[in-house]
Amino acid sequence: MHNKFSNSLIAWYQEYHRKLPWRETKDAYKIWLSEIILQQTRVQQGLSYYLKFIQVFPTVFDLASATEDEVLTQWQGLGYYSRARNLHLTAKKIAFEMGGKFPNSKSELIKLKGIGDYTSSAIASFCFDEPTAVIDGNVFRFIGRMLGIFSPIDLPETKARINIFLQEHFPKKNGNTFNQGLMEMGALLCTPKNPNCEECPFKMSCYAFQNNCQADIPVKGKKIKVRIRHFNYLFISQENNIALQKRKGQDIWKNLYEFPCIETDQEVSQTDLQNIINEKYKIKNPIISSIANYNHQLTHQKLKVTIWKLDNYIAEMPKNWIFASSNDINNFALPRVLSRFWEDFSNNGLQLQIV
DNA sequence: CACTCGTGGCC
DNA sequence: TGGCCAAGAGT
């Protein structure tokens, strides 16, 4: 009776799971890379990045030997860029301080940057067969619905309760398949919307199915608040070179490149912006014109992005500006909204109004 | 603990 | 369309 859940789950997984490249290996480097890429990211979105990374950086030494800029450029467009920065930090630690060998236990893995509770369990289980249960968003949803858990998923006690259940049902053999099955259930059948309960082998013992409350579990905690920000980018092109700067500070897109940016509290008029440019960069009569607008919607922010073309000749650059040749722009990691602008600009030329 | 970090897809 | 969501982790 106690083994029935794990036996059924393992059997279901073996029949219905998707074939994915990181499931064909026990190489800790590849498993680790896939787990980082898939944090808060769908398989469909992360797959091409995984394939690109193992091609460009086949081993942890290749990744460690690259610069952070190179890693960020490969990561461009995937979001949550702290993952890429921590990926590089941890690669250097493993390559240069640990002889290229990954720690083989959850307790050691979790000490590494970018590897938390979920990822340490995943690597320990998938690579080293450590009997530790993974708890990610899929598992919260699947087990939460099965057991009828209505406490918010962001509470530690909710996670603890799920962990107790999983420990009680953790199999003596095939623990890694059990873990894969937990997540694959959440990804294929026990989905956030319109779960496919008819094909679920656990529907007879599932609280949510029996009580028809699948949509009410898991219970989300707080509501998302969206902050509106106004980014005014200066597109400055001189002699086929374009001004860029590196974003710093504890903010979005840290260590990515962007055009010189003037952030304002509200939308600004052309004359307002000219005055700001005059004050900030000591450019006497800035000649600017708006060439593109984007509403860039993020999870917690809505960015109103305006690209302004600045036509003055600039004799003395601020020290943090870099001038990149237009052929070289693609070698800089840009936020999605700017790589999209650059694509539009390269294709269409100067006059474009995108919203 | 509460908040923050991206992007694309879905309805 | 806007809100929700996805293999979480750092601070």
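Residue numbering restarts at 1 for every chain, and letters A, B, ... go by the order of the sequence lines.
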Enquirer: Please compare A:Q180 and A:V226 by the position of their nearest nucleotide in DNA chain C and report the one closer to 5'.
Expert: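 Per heavy-atom nearest nucleotide, the more 5' residue is A:V226.
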Enquirer: Which part of the nucleic acid, if any, lies within reach of A:W75 when heavy atoms closer than 4.0 Å are counted: base, sugar-phosphate only, or nothing?
Expert: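 Counting heavy atoms under 4.0 Å across all strands, no contact is made by A:W75.
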Enquirer: In this structure, is the centre-to-centre distance between the rings of A:F165 and A:F5 below 6.0 Å?
Expert: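 Ring-ring flag for A:F5/A:F165: true, centres closer than 6.0 Å.
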Enquirer: For A:H88 and C:dA9, what is the distance between atoms NE2 and P respectively, to the nearest whole Å?
Expert: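 It is 21 Å, rounded to the nearest whole Å.
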Enquirer: Hey, does the side chain of A:R161 reach the backbone of A:T158 with a donor-acceptor pair shorter than 3.5 angstrom?
Expert: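 Checking the backbone N and O of A:T158 against the side chain of A:R161, no donor-acceptor pair under 3.5 Å is found.
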Enquirer: Reading DNA chain C from 5' onward, which residue's closest nucleotide shows up sooner: A:L112 or A:P218?
Expert: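 Per heavy-atom nearest nucleotide, the more 5' residue is A:P218.
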Enquirer: Checking side-chain hydrogen bond (donor to acceptor under 3.5 Å, both in side chains) for the pair A:S125/A:T132: CA distance, chi angles, key distance, verdict?
Expert: CA-CA 6 Å; A:S125 171; A:T132 173; over 6 Å; no
Enquirer: Got a sec? Which of residues 121-150 of chain A come in under 4.0 Å of DNA chain C, heavy atoms?
Expert: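 Heavy-atom cutoff 4.0 Å gives A:D136, A:G137, A:N138, A:R141.
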Enquirer: Ring centres of A:F102 and A:F128 under 6.0 Å apart?
Expert: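 Centroid distance A:F102-A:F128: not below 6.0 Å, so no.
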Enquirer: Any chance the rings of A:F235 and A:F345 have centres within less than 6.0 Å?
Expert: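 Centroid separation for A:F235 and A:F345: below 6.0 Å.
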Enquirer: Can you tell me how far P of C:dG8 sits from NZ of A:K159, to the nearest Å?
Expert: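 Rounded to whole Å, this separation is 10 Å.
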Enquirer: With distance as the sole test, does A:K106 use its side chain to make a donor-acceptor pair with the main-chain N or O of A:D117 at under 3.5 Å?
Expert: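 Side chain of A:K106 to backbone of A:D117, a donor-acceptor pair under 3.5 Å: yes, one is there.
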Enquirer: Quote, to the nearest angstrom, the P distance that separates B:dG8 from C:dA9.
Expert: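 Comparing P positions in B:dG8 and C:dA9 gives a spacing of 23 Å.
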Enquirer: What is the distance, to the nearest angstrom, from the CH2 atom on A:W22 to the P atom on C:dA7?
Expert: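 Atom CH2 in A:W22 sits about 12 Å away from atom P in C:dA7.
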Enquirer: Sticking with atom P, work out how far C:dC4 lies from B:dC3, rounded to a whole angstrom.
Expert: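 So the two P atoms sit 16 Å from each other.
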Enquirer: Could you check how far CZ of A:R83 sits from P of C:dG8, rounded to whole Å?
Expert: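 Rounded to whole Å, this separation is 9 Å.
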Enquirer: Is the distance between the ring centroids of A:F341 and A:F259 under 6.0 Å?
Expert: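 Centroid separation for A:F341 and A:F259: below 6.0 Å.
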Enquirer: Can I get a per-line list of side-chain donor-acceptor pairs under 3.5 Å for residues 207-217 of chain A, giving both atom names and the distance, sequence neighbours left out?
Expert:
from, atom 1, to, atom 2, distance (Å)
A:Q210, NE2, A:K203, O, 3.0
A:Q210, NE2, A:M204, O, 3.1
A:N211, ND2, A:Y207, O, 2.8

Enquirer: Can you see if the side chain of A:H296 gets near the phosphate of B:dT7 - specifically, an N or O under 4.0 Å from OP1 or OP2?
Expert: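 Looking at the OP1 and OP2 atoms of B:dT7, one of them is under 4.0 Å from a side-chain N or O of A:H296.
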Enquirer: A:L47 CG to C:dA7 C1': how many Å, rounded?
Expert: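 Interatomic distance, CG of A:L47 to C1' of C:dA7: 13 Å.
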Enquirer: Where each residue is assigned the nucleotide of DNA chain B containing its nearest heavy atom, which of A:V337 and A:K193 is assigned the position nearer the 5′ end?
Expert: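 Its nucleotide being nearer the 5' end, the pick is A:V337.
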Enquirer: Can you check whether A:Q40 has a side-chain N or O nearer than 4.0 Å to OP1 or OP2 of C:dG8?
Expert: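 Checking C:dG8 against A:Q40, a side-chain N or O does come within under 4.0 Å of OP1 or OP2.
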Enquirer: What's the spacing between A:N86 CG and A:I36 CD1 if we round to 0.5 Å?
Expert: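 That separation rounds to 8.0 Å.
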Enquirer: Between C:dC5, C:dA9, B:dG8, which one does the side chain of A:K220 approach most closely?
Expert: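 So the side chain of A:K220 is nearest to C:dC5.
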Enquirer: Tell me: CD of A:Q44 to P of B:dT7, nearest whole Å?
Expert: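 Roughly 18 Å, once rounded to whole Å.
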Enquirer: Compare side-chain N and O positions of A:R336 against OP1 and OP2 of B:dG8 and report whether any pair is under 4.0 Å apart.
Expert: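 So the side chain of A:R336 is within the cut-off, an N or O lying under 4.0 Å from OP1 or OP2 of B:dG8.
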Enquirer: How about A:F53 and A:W75: are their ring centroids closer than 6.0 Å?
Expert: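 Judged by ring-centre distance (under 6.0 Å), A:F53 and A:W75 do meet the cut-off.
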Enquirer: Does atom OH (A:Y16) have a neighbourhood of more than 12 heavy atoms from anything else shown, all under 6.0 Å?
Expert: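 No, because the 6.0 Å sphere around OH of A:Y16 holds 12 heavy atoms or fewer from other groups.
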Enquirer: Any side-chain N or O of A:K113 less than 4.0 Å from the OP1 or OP2 oxygen of C:dT11?
Expert: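 Yes, within the criterion.
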Enquirer: Looking at every strand, decide which applies to A:I36 at a 4.0 Å heavy-atom threshold: base, sugar-phosphate, or nothing.
Expert: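 No contact.
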Enquirer: Quick one: A:R23 CZ to C:dA7 P, roughly how many Å, whole number?
Expert: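 So the CZ-P distance, A:R23 to C:dA7, works out to 11 Å.
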Enquirer: How is A:G77 classified with respect to the nucleic acid when contacts are heavy atoms under 4.0 Å: base, sugar-phosphate, or nothing?
Expert: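 Counting heavy atoms under 4.0 Å across all strands, the contact made by A:G77 is with sugar-phosphate only.
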Enquirer: Just the atom pairs and distances: protein N or O near nucleotides 1-5 of chain B's N or O, under 3.5 Å.
Expert:
from, atom 1, to, atom 2, distance (Å)
B:dC5, OP1, A:D251, OD1, 3.4
B:dC5, OP1, A:Q301, NE2, 3.1
B:dC5, OP2, A:Q301, NE2, 2.8

Enquirer: Please measure how far the C1' atom in B:dA2 lies from the corresponding atom in C:dA7, and state the result in whole Å.
Expert: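 Pairwise C1' distance, B:dA2 against C:dA7, rounds to 23 Å.
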Enquirer: What integer distance in Å separates A:Q76:CD from B:dG6:P?
Expert: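 Atom-to-atom, A:Q76 to B:dG6, this comes out as 13 Å.
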